[in-house]
Amino acid sequence: MIFEHLSAGGCQSYLIGCDDSCCAALIDPEISLIDRYLALAARDGLRIHYLIDTHTHADHFSATQQLARRLKVPVAMHRLSPAPCVDLALDDGEMLAVGKLRLRVLHTPGHTRDSICLCVEDRVFTGDTLLIGATGRTDLPSGDPEALYDSLFNHLLRLEPACKVHPAHEYKGRSHSTIGEELAGNARLQHRDRRAFVEMMRNLNLSMPTHLTEALRTNMSGGKTVAQMLADAAASVPFMSLAELKARIEAAGNELLVLDVRERDAYEAGHVVGARHLPRGQLELRVNEDLPDPTRRIVCYCEFGRISTLAAATLREMGYRRAVALDGGMKAWREAGFPTVPGSKQKPY
Ligand SMILES: [Fe+2]
């Protein structure tokens, strides 16, 4: 078996492949690692056939939908997954054939209703059902401590003690443990009595994960994250540095149209010398009037450099082939000590 373990800020994902057939499956891929997965699969001579999420993640951004579109392979999840983009609904006891490998599904609800663990050869991918020295939490949507008790003690922990445990989260850099090690040393698993276990899980008082609503929105809909929207826009526009813009404003015969896309009060408080004001929210509706020449060289800026990237991408899409975004924003411009002017007076077009 070919086995690759990738980590992104505590989120663990796994690429497993059959060395006979070069067929592979990717488990719990995370959105920031898409290029790494594809590069690793290519390096190892693997073709990914399945994209699997062990459950609906509330704390990280799943890459399954995006990879599925790119690779044209199915997303596999438990049949209770609320995500509408699941192509292959799995149930307890079923197997996925990954070349000669057999990935056996254990339905282990508790962390979420749709949680599964995947057994293959000498190891089990435990998702957030069982972590090294901990268990998944049960206080997020569809979590249930009673169900987690059953999933652990009556299902998962009955695997061979030597079976390796590969969780979906690990924050201390450990690669894996075993079922036997967890049974012996995992503090949460020492509550073998159902009531004591449920009581303990109900009183963990954990803080909510960051990006909870965004993760659930995107993982359940296949929609884009804010970071993806910005990355897509950034990939479609060139940028100009602060120093380059300053030099061009100072140069004689400058033909650059500087466009401030912030709100009016921000523009009036202080803008780049000579900048015209066209807020991002009105961009599409006002371009015909405000920017009649689509061949004009335009540099957009905002406060932090994100909205201006979206604005420049929109302008390019609308035919302004020379629109670029400032690399940085007014905040960085002011911090660099570059000049600004207050007021509402605009340079004529
Ligand atoms: Fe989770």
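As the structure lists them, so they are numbered: ligands from 1, and atoms in each ligand from 1.
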Under 30°, 30 to 60°, or over 60°: which ring-plane class applies to H78 and H107, parallel, tilted or perpendicular? parallel

Atoms listed for the Fe ion (ligand 1) (protein only, N, O or S, under 2.8 Å, no waters) are H55 NE2, H111 NE2, D128 OD2

Centre-to-centre under 6.0 Å for H166 and F3, is that the case here? yes

Tell me, please, which residues at least two apart from Y267 pass ring-ring contact (aromatic ring centres under 6.0 Å, His included). H271, H277

Name all residues meeting the side-chain hydrogen bond (donor to acceptor under 3.5 Å, both in side chains) criterion together with T56; count only those two or more places apart in sequence or in a different chain, and write none if there are none. D114

Sequence neighbours excluded - side-chain hydrogen bond (donor to acceptor under 3.5 Å, both in side chains) pairs with any residue from residues 321-333: K331-E335

Carboxylate-amine/guanidinium contact E303 R334, below 4.0 Å: yes

